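Down below is the structure, laid out as structure tokens.
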2 protein chains.
Amino acid sequence: MTETQLESIRKQLHEGGYKLTPQREATVQVLIENEKDHLTAEEIYLLVKLKSPDIGLATVYRTLEMLTELKIIDKISFTDGVARYDLRKEGAKHFHHHLLCLECGDIQEIEDDLLLEVEKTVERDFRFRVTDHRLTFHGICHKCQS
Amino acid sequence: MTETQLESIRKQLHEGGYKLTPQREATVQVLIENEKDHLTAEEIYLLVKLKSPDIGLATVYRTLEMLTELKIIDKISFTDGVARYDLRKEGAKHFHHHLLCLECGDIQEIEDDLLLEVEKTVERDFRFRVTDHRLTFHGICHKCQS
DNA sequence: ATGGTTGCAAAGCCTTTGCAGGCAG
DNA sequence: CTGCCTGCAAAGGCTTTGCAACCAT
């Protein structure tokens, strides 16, 4: 599964005219292994350093920029100003949604596409051609409600 | 109308233990006069400087932070990493939505609360108590579709 | 050779903070 | 007098960029 995902990404890079260098592969592996988290560039850098100790922070930033451009990952920032990176599900047409707990800071993902009806409304009432969306709910998660 | 809005904000500041100083009033006025825009701190600063030429950028930042804390304005960032500030509609329980045009960069606001049903789903299926949300559609606006 | 890629350091941008002075109650 | 508020400059955090070296083709 992970093998397949990596190979698929390698192909996407080649199609975009990029090589999957060892540094880029290590970065992609970190993203795959932590796909449920929402890591910052710095966090990714520290994890990649374990696999590829000589990598520089700039390379990680450049790799993340390239992956974002290829729509392999999504760049998102929540309430703090820091960018976080999120692996796209294979074949996912739309970015998934998030639940941000204001109490503990946890970020939960929702895969369900809840916005089909809403998007139709927007397309019709505002004549806006929707290509993607960002939806985050702020609130209190189940754990913190006790 | 504007008078009323300013007075309402003055009251909210006092209730929060803050004074409406001339610098803060000038900043609030700029926010009211440009409530359809999504200004950055720097842009607000330049506009405030026209009314209150000696104001410092730091004061604008401190005022915006205070207004955000009092939920008089909302801080939001779109695809670039820059923070933008958006006046809350009086009595609005929820933050409004945005349509971001990837072609011309224009940001349109939607007041309609499109998420009532979706929020119910989230509350029920994920046992998450929703207090607010951020929803932005990315796409092509009506103008740019020609 | 050629052109993409890298690591390092420096620069850049946005935002926050320290501090001395100022103002209002 | 006291505490909040201000402007300035400096510092801070995150991200990007310039450059020489490197690598594979």
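For clarity, every value in this text was computed on a predicted model and none was experimentally measured. Chain naming here is simple, since letters A, B, ... match the order of the sequence lines and numbering starts at 1 in each.
- Using a 4.0 Å heavy-atom cutoff across all strands shown, A/Q23 reaches sugar-phosphate atoms only and no base atom.
- Comparing D/dT15, C/dT5, C/dT15 by their nearest atom to the side chain of A/T21 picks out C/dT5.
- Atom pair A/L20:CG and C/dG4:P shows a separation of 17 Å (rounding to whole Å applied).
- If you take NE2 of A/H14 and C1' of C/dG4, they are 12 Å apart, rounded to a whole angstrom.
- The distance between atom CD of B/E65 and atom C1' of D/dC5, rounded to the nearest whole Å, is 14 Å.
- Taking CG of A/L100 as the reference point, atom NE2 of B/H133 lies at 14.0 Å (rounded to 0.5 Å).
- Residue A/R62 places no side-chain atom within donor-acceptor reach of the base of C/dG4, judged by atom type and a 3.5 Å distance cut-off alone.
- For the pair B/E25/B/L6, a side-chain contact is recorded, criterion being any heavy-atom separation below 4.5 Å from C-beta on.
- Evaluated for a side-chain contact (heavy atoms from CB on, under 4.5 Å) with B/Q23, the options B/T63, B/D54, B/I55, B/V28 yield exactly one hit, B/I55.
- One atom, NZ of B/K49, and another, P of D/dC8, lie 7 Å apart when rounded to the nearest Å.
- Atom CG in A/L57 sits roughly 14 Å away from atom P in D/dT17 (whole-Å rounding).
- Rounding to whole angstrom units, CG of residue A/L64 and P of D/dT15 are separated by 10 Å.
- Distances from the side chain of B/Y18 to the nucleotides D/dC5, D/dT17, D/dC14 place D/dC5 closest.
- The distance between atom OH of B/Y45 and atom P of C/dT16, rounded to the nearest whole Å, is 16 Å.
- For A/K19, taking side-chain heavy atoms from C-beta onward, the closest of the listed nucleotides D/dA9, C/dG4, D/dC14 is C/dG4.
- When B/Q12, B/K11, B/R10 are each tested for a side-chain contact (heavy atoms from CB on, under 4.5 Å) with B/H14, only one passes: B/R10.
- A/Q5 CD to A/Q29 CD: the interatomic distance, rounded to the nearest 0.5 Å, is 11.0 Å.
- Distance B/E43 CD to C/dC14 P: 10 Å, rounded to the nearest Å.
- Distances from the side chain of B/Y61 to the nucleotides C/dT16, C/dC8, C/dT5 place C/dT16 closest.
- Here D/dT6 is the nucleotide among C/dC14, C/dC8, D/dT6 with the atom lying nearest to any side-chain atom of B/T59.
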